K.L.:
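This is the structure, below, for whatever I ask next.
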Amino acid sequence: MRRNLADPLWTIGEIVAATGGKSLGEGNARVGSFSIDSRSLEPGQGFIAIRGPNRDGHGYVIPALEGGAACAVVNDTFPSGDEERLVRVADTFVALNDLGRAGRARVERAVIIGVTGSVGKTGTKEALRLALSPSGTVHASSKSFNNHWGVPLTLANMPRAIGFGVFEIGMNHAAEIDGLTRLVRPHIAIVTTVAPVHLGFFRSVEAIADAKAEIFRGLEPGGTAIINRDNPHFERLAGHAREHGAAIVGFGETSAEARLLSAALGPDGSTIRADILGEIVDYRLGAPGHHLVLNSLAVLAAVRVAGADLKAAAAALGAIQAQAGRGQRQIIETKGGPVAVVDESYNANPASMRAALATLGLTPRDAFSRRVAVLGDMLELGAEGPRLHRELAEAVDGAGVDVVFACGELMGGLYAALPTSRQGAYAETAEALQSKLVDAVGPGDVIMVKGSLGSRMAPLVEALKRRFEAESMSA
Ligand SMILES: CC(=O)N[C@H]1[C@@H](OP(=O)(O)OP(=O)(O)OC[C@H]2O[C@@H](n3ccc(=O)[nH]c3=O)[C@H](O)[C@@H]2O)O[C@H](CO)[C@@H](O)[C@@H]1O[C@H](C)C(=O)N[C@@H](C)C(=O)N[C@H](CCC(=O)N[C@@H](CCC[C@@H](N)C(=O)O)C(=O)O)C(=O)O
Ligand SMILES: Nc1ncnc2c1ncn2[C@@H]1O[C@H](COP(=O)(O)OP(=O)(O)OP(=O)(O)O)[C@@H](O)[C@H]1O
Ligand SMILES: C[C@@H](N)C(=O)N[C@H](C)C(=O)O
């Protein structure tokens, strides 16, 4: 939802009041919404100068004002300048949080939903945006704005008159979610699942469960925790939720309040029957994979708890699409026949790798006769990394993958564990794998590319698309 001067979210006076800052600007001067990035700032927005790990946003204040920013929030040491459009504060990061808190405080009638989990946060957040839209105006995090910058910024940009707010909340370390959930103050908190992700930063998966459970600390009184019933850490998560007085709604395949009754899984999506807190719903999910079917139960449970229209929400899920980097599938009709490229390059861990492999295994042989997996290292897994990579051999086999191309030291371990009949090629880096891969695949293949962001698998997706688009019927 874009805002501009005609539709302001803030005034200079409100910004000063929220941050305890100082400005010589007119109190009632209007500010559309906030941006922390001068490169994407739109005229009428307020610019908040953030000190990041690479740069200091104060270096972009002048370009932001010249580009039409309505104001800039700066540290009080910033050199004197266009004082009417500057709001001076002691610390801009604290001010961002203050604005987030004030943004949340003025929205008291909306239902606020927080989403965390080891995987599936962004997808679930986007599914909620779609599912809640028939029932009211939805304000939801952009992209994966889930951290100490993204969450307060999303709160600060929340319009007053909305029906629903949906916030993605992430972490790499314990105690990060605690601060974010206390800002968001959700009425409903979803934990999609708990899995060995960022294990390098934690003692155990139990410690990850405890960190995810911090989301319940911010629940509003009478709030609801929606938790994956099939996850081995359900009881641990539910225990934490109870400590914070939450009502608990489980979702999953067994004895859950939001329960899967049946699912027909296809390469383009799934047809589902579910019991959502006593109401039977039949729906189609427009993106494939059993893992997304399970996430959709959490979405519909939240819709129901939020008092929104369940049937309309279920119907809306038919339009969901897998996003770039997270399972987006492109079929290219080449002169030699069709080829499918599945882009899973945004991130990877054992849970999402298994889910992506299983989804690759849903492709019918009559459409694409060969299943190709292109796998890069799953990062941040610590000492368990080598074992967690080798153990994927079973999932490769279970999905009927015909050939594996691998890169990275860790994926080298999996590659070596595969029978030679499944070994396509291996290289130390994605870059070095590119030509071997592009030359070895062709029409009739479905090619799934997955690895952690740091493994740089996205260029492989682009190289495959370039090759097949050059050979496409329309070229
Ligand atoms: C702070 C910021 O937003 N940085 C973005 C910026 O980076 P850049 O390198 O340019 O600068 P700095 O980070 O040093 O910041 C300086 C500031 O200066 C601004 N600026 C810079 C140049 C310029 O010309 N003009 C400027 O105004 C700049 O905008 C800063 O304010 O740009 C990068 C490229 O676009 C961005 O990638 C970078 O964004 C950072 C990474 C960020 O975190 N942004 C948040 C708004 C956000 O929420 N982004 C999400 C991704 C969130 C994320 O990475 N989450 C964690 C948690 C995962 C948890 C999960 N796995 C779990 O299990 O729970 C993660 O590690 O993945 C998004 O973009 O979707
Ligand atoms: N319940 C699930 N189980 C396993 N994999 C899942 C599940 N939900 C989503 N995934 C997969 O995990 C990957 C990341 O999905 P998504 O971006 O929604 O997660 P995320 O938690 O937001 O990730 P990040 O922490 O990197 O922002 C995708 O490949 C997606 O298909
Ligand atoms: C961005 C980084 N914190 C992250 O989530 N990395 C994981 C390991 C990934 O990209 O898969």
Side-chain angles (χ1 to χ4, degrees), residues 34-41 47-64 67 69 72 92-93 96 115-127 141-154 157 167-174 176-177 180 190-199 201-202 208 211-212 214-215 228 230-231 251-252 287-298 322-328 342-359 378-380 448-454:
F34 287 108
S35 166
I36 59 172
D37 194 337
S38 65
R39 292 162 292 192
S40 53
L41 181 130
F47 177 69
I48 307 176
I50 293 294
R51 284 204 173 111
N54 309 311
R55 301 165 226 272
D56 183 348
H58 289 84
Y60 307 100
V61 169
I62 292 172
T92 52
F93 178 65
L96 173 64
V115 182
T116 195
S118 298
V119 283
K121 294 181 293 298
T122 305
T124 300
K125 177 260 297 177
E126 286 304 323
S141 319
S142 304
K143 299 191 271 181
S144 295
F145 277 21
N146 60 26
N147 64 16
H148 55 297
W149 294 306
V151 171
L153 184 63
T154 308
N157 285 340
F167 291 83
E168 178 173 340
I169 303 180
M171 59 98 189
N172 292 314
H173 302 92
E176 288 173 1
I177 289 180
L180 299 177
I190 299 176
V191 180
T192 57
T193 190
V194 169
V197 176
H198 308 306
L199 197 52
F201 305 139
F202 291 88
I208 294 177
K212 298 291 176 196
E214 289 170 17
I215 194 170
N228 189 327
D230 303 332
N231 189 268
F251 70 92
H290 187 251
H291 57 300
L292 299 187
V293 171
L294 295 180
N295 294 350
S296 78
L297 301 174
Q323 298 164 296
R326 300 179 173 91
Q328 191 176 72
V342 183
D343 175 7
E344 285 271 4
S345 61
Y346 180 74
N347 74 3
N349 51 67
S352 69
M353 199 55 109
R354 284 198 164 77
L357 287 166
T359 306
M378 306 181 290
L379 302 176
E380 299 180 7
M448 188 276 286
V449 183
K450 190 164 183 73
S452 278
L453 200 58

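In listed order, ligands and their atoms are each counted from 1. Everything numeric here is computed off the predicted structure, so don't read it as measured data.
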K.L.:
So, for P350 and P196, which heavy atoms are closest and what is the spacing to 0.1 Å?
P.N.:
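Looking at all heavy atoms of both residues, the shortest contact is CD-O, 3.4 Å.
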K.L.:
So, N146 versus S144: side-chain donor-acceptor pair below 3.5 Å or not?
P.N.:
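No, no side-chain donor-acceptor contact under 3.5 Å.
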K.L.:
Counting heavy atoms only, which of G123, G120, S452, S118 comes nearest to atom 15 (O) of ligand 2?
P.N.:
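When every heavy atom of G123, G120, S452, S118 is considered, G120 comes closest to atom 15 (O) of ligand 2.
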K.L.:
I'd like to know if the side chain of N231 reaches the main chain of T193, judged simply by a donor and an acceptor atom lying under 3.5 Å from each other, with no hydrogens or angles considered.
P.N.:
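Here the side-chain-to-backbone pair does not exist.
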K.L.:
Under 4.0 Å from ligand 2, counting heavy atoms only, is it the side chain of T192, its backbone, both or neither?
P.N.:
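Within the 4.0 Å criterion, T192 makes no contact with ligand 2.
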K.L.:
Counting heavy atoms only, which part of A355 comes closer than 4.0 Å to ligand 2: side chain, backbone, both or neither?
P.N.:
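Side chain only; the backbone of A355 stays clear of ligand 2.
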K.L.:
Heavy atoms only: which of M353, E344, Q323, H291 lies closest to atom 6 (C) of ligand 2?
P.N.:
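The option holding the nearest heavy atom is H291.
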K.L.:
For ligand 2, which part of L294 has a heavy atom less than 4.0 Å away: the side chain, the backbone, both, or neither?
P.N.:
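Contact part for L294 vs ligand 2: neither.
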K.L.:
Just heavy atoms, cut-off under 4.0 Å: does K450 contact ligand 2 by side chain, backbone, both, or neither?
P.N.:
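It is the side chain that touches ligand 2; the backbone stays farther off.
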K.L.:
Counting heavy atoms only, which part of F145 comes closer than 4.0 Å to ligand 1: side chain, backbone, both or neither?
P.N.:
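Both backbone and side chain.
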K.L.:
Hey, is N172 touching ligand 1 through its side chain, its backbone, both or neither, going by heavy atoms under 4.0 Å?
P.N.:
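Contact part for N172 vs ligand 1: side chain (C-beta onward).
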K.L.:
Could you report the tightest heavy-atom contact between F47 and D37, atom names first, then the distance?
P.N.:
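The answer is CE1-N, 3.8 Å.
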K.L.:
At under 4.0 Å between heavy atoms, is it the side chain or the backbone of R51 that contacts ligand 1, or both, or neither?
P.N.:
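The answer is neither; R51 stays 4.0 Å or more away.
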K.L.:
On a heavy-atom basis, which atom in S142 and which in K125 lie closest, and how many Å separate them?
P.N.:
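Smallest heavy-atom distance, with atoms named: C-NZ, 4.0 Å.
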K.L.:
Would you say H148 touches ligand 1, if touching means a heavy atom closer than 4.0 Å?
P.N.:
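Contact absent.
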K.L.:
Counting only heavy atoms, which portion of R354 has something under 4.0 Å from ligand 2: side chain, backbone, both, or neither?
P.N.:
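R354 to ligand 2: no contact under 4.0 Å from either part.
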K.L.:
Nearest heavy atom to atom 12 (O) of ligand 2 wins, so pick from G327, A358, S352.
P.N.:
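When every heavy atom of G327, A358, S352 is considered, S352 comes closest to atom 12 (O) of ligand 2.
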K.L.:
Could you check which of N295, T124, V119 puts a non-hydrogen atom nearest to atom 8 (N) of ligand 2?
P.N.:
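Result: the heavy atom closest to atom 8 (N) of ligand 2 is in N295.
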K.L.:
Answer yes or no: is there a donor N or O on one side and an acceptor on the other, between the side chain of K212 and the main chain of I208, under 3.5 Å?
P.N.:
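Looks like no, no N/O pair under 3.5 Å.
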